[in-house]
Amino acid sequence: MKASMTRGLLACGASLALLAPALSALAHDDAAAAGAEASADAHTARGGPGQEGRAAAVRAAALVAKMTLDEKIQMVHGWSVCGIGFTALGSGLNGPGFIPGIPRLGIPDINYTDGGAGIADCSSQSLPFHPRANPAATALPAPLALAATWDRHLAYDYGALLAREARDQGFSMVLGGSIGLTRDPRAGRGFEFMGEDPLLSGEMVASKIRGAQDGHVVISLKHFAANQQETDRGTSNSVIDERTLRELYLRHFEIAVKQAQPGSVMCSYNKLNGDWACENDWLLNKVLKTDWGFAGFVQSDWGATHSTVKAALAGLDEEEYAPTYFGSALKAAVTAGSVPMSRLDDMVQRKLQAFIASGVFDHPAQVQPIDFTAGAALAQKVASESTVLLKNNGVLPLSRSVARVALIGRYADRGMLTGGGSSQVISPGGPAVVINPDPAKPPCPTQPGPGNWCEIWLRSVPLDALRAALPQSQVNFADGSDPAAAAALAAQSDVAIVLADEWATEGSDLATLTLRRNQDALIAAVAAANPRTVVVLESGNPMLMPWLGSVGAVLQNWYAGIRGAQALAAILVGDVNPSGKLPVTFPAQLADLPTGGGAFLAGDVPYSEGLDVGYRWYDAKGIAPLFPFGHGLSYTHFDYSQMEVSANGRSVRFRLRNSGGVAGAEVAQVYAGLPATAGEPPKRLIAWKRVELAPGESRNVELEIPRPNLAIWDSASGAWKVEPGAYQVYVGSSSRDIRLQRSIVLR
Ligand code: BGC
């Protein structure tokens, strides 16, 4: 463009002398433009983000070429306003990260917010500096619940909502792409993960990221990598062999990076094989940036940077939450030559390119009212699709003519539980209930937003929702604190519904999978009084169920968000047919866990079970879980027939029929058993589809099986390979409810 302007000026016949300074500036710009093209080539050559990505790379490179050293340094670290209160910077909103813009170059301020399960609010951590214009946002069901929908379109919509509400609050960076394969189901952040399978987790988070980035924000995929526990998260060292890493703990990240090209990846607190994740050359430079061609920027988790030169050279592009290592120390290192200027340029280029490519520069976030009606509708849809019917002996759905219902549960008359930590969302009107889980800590504030390390219940009220759904019934409430009183109420009722809950939070893991506060005894007492007992679990972790045999039905409700109660009531009365499927195995006892169920380790944490994680473990060891991965019942029945696998193993077909009396959705799952020589666990998920069918309706389902889904990591050659030999292909309703099977031979 600059070259054509030069030609235009000359064609006008203007005096060359008069034009000399302008021409020299243009020639300089031409050279800069050529440099920008070359730098952009370097940044897109590694499988960068396509045509638009290339244009973004060119534009970013031109900006980098104009920046001073101080301006570059300003770009590679953030300032946390939350909790830390770096308010002297002026325009930082109340968020965990802020990078001031450079007005002379048209670089806008970038404000960060957390957003795993809706746009989080950390205002409670800070003094009343810079309050947000719209502190409240839509509290969506937890990411683990989203994974339980197995619905990629819904994951896209979830991401799109994050982008809309972030922008409505003035944020253009969402720290919201949280995954972390569930190795031990007691993980405190398990509710923020997307389950135990790398394909499900990777594809669901990829859709979420695409939805968000199409909405003009950058989203961060986190926490990279092998960050499976909260116990000593800042000091532990995950010790994992390369094959296990590539096939499991890195695989879901790889899928997300390749399918969605997140603008940012957040490296985690822990060490991986001896090196901090945020200064791990193998992890960041080799795997992420070279092998996968990641073109975005790597940011540290908050306080997870440990060095200047080592981290910069290992591939860290941004330090959060303050410039301890990437401020004056990095400037000195660049000046001294221990970090080359080209590396600093690369850091800045990656960041600018990501924000330009996501449209943040051209569509700056504007504070405006949030559309809470739209938010609530999506929250309810996710809650409806994610609730898993684990058991049903016919007690559900409830009859509309049921006379007396007992609703029992701690706050069933007040609200629904959420998971705690940085992903905590404050919804309109504030929380219904705030509890300090640790009396040793200061009391939880209730205004303007409660501390995000407190137990928070949302204003979505099961008692009200159930009464509205059953207008002709008498719905009575007991809080369950007195099991005898609850049992007496259940005995006088036609059906009893117990809402059991378990709070989990960032910062700590659960010690056991036993429901706290003696809730097992409460459920047992209620079930003894009335066998038509329905248990609803509000939890972010699979819980043990010693009372399972004596209750009529169990629903896994996760942390169901701001419309959780309404979605639950619709399922209980059969207005919505449950269709969620478990993204994690529910064990029968603690000792069955792949980790053995003992205390979480500190220091070195060897992942000695290797590839046998989640259902792979239970299959390999022949252990019967309480409920297997992929399990979820419906109020209708689905029949599977006519399975065919193409000879080259690239597609599978079958016919699915709704043979029951009501409409419903089935998540049909395809697993593969690899040849024995591959040395793999008995089966792995390779494809799935969520299919909605009217009563009596049949449909042919055809699914592609991408080759990488059959591949194994060959440590000897350091590459993926597809093992030749006989493969079993299974089609079923869960990992343990296989309906059809074929074998094929791949050479
Ligand atoms: C969490 C991140 C979060 C960050 C900023 C950290 O403690 O691990 O997930 O994005 O804080 O709030």
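We number each residue from 1, following the sequence as shown. Whatever order the structure lists them in is the order used to number ligands and atoms, beginning at 1.
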Counting each atom of ligand 1 from 1 as listed, which ones have a heavy atom of [X] under 4.0 Å away?
X    : value
R233 : 7 (O), 8 (O)
K222 : 2 (C), 3 (C), 9 (O), 10 (O)
E506 : 1 (C), 6 (C), 7 (O), 8 (O)
R189 : 1 (C), 2 (C), 8 (O), 9 (O)
M266 : 10 (O)
P96  : 5 (C), 12 (O)

Next on the checklist: I want to know whether W150 and F629 have ring centres closer than 6.0 Å.
Outcome noted: yes
Next on the checklist: Are the side chains of S220 and M173 in contact, using a 4.5 Å heavy-atom criterion?
Outcome noted: yes
Checklist entry - ligand 1 and W302, any nitrogen or oxygen pair closer than 3.5 angstrom? => result no
Item to check | salt_bridge(K286, D281) N-O dist < 4.0 Å | outcome: no
Checklist entry - Is any side-chain N of the basic residue among R210 and D214 closer than 4.0 Å to the acidic one's carboxylate O? => result no
Checklist entry - Would you find a donor on one side and an acceptor on the other, under 3.5 Å apart, between the side chain of Q229 and the backbone of T231? => result yes
Item to check | T113, V174, D301: member with heavy atom nearest to atom 2 (C) of ligand 1 | outcome: D301
Checklist entry - OH/Y158 to NZ/K208 distance, rounded to the nearest 0.5 angstrom? => result 5.0 Å
Strictly under 4.0 Å, does any heavy atom of [X] approach an atom of ligand 1?
X    : result
H223 : yes
Y112 : no
E192 : no

Checklist entry - Would you call the rings of Y112 and W302 parallel, tilted or perpendicular, where under 30° means parallel and over 60° means perpendicular? => result tilted
Checklist entry - At a non-hydrogen distance cut-off of under 4.0 Å, which region of Y321 contacts ligand 1 (side chain, backbone, both, or neither)? => result neither
Item to check | Side-chain donor-acceptor contact under 3.5 Å, H223 with R189 | outcome: yes
Item to check | Member of R343, M75, K351, Q299 meeting the side chain to side chain contact (heavy atoms under 4.5 Å, CB included) criterion with D317 | outcome: R343
Item to check | Identity and distance of the protein heavy atom lying nearest atom 3 (C) of ligand 1 | outcome: D114 OD1, 3.3 Å
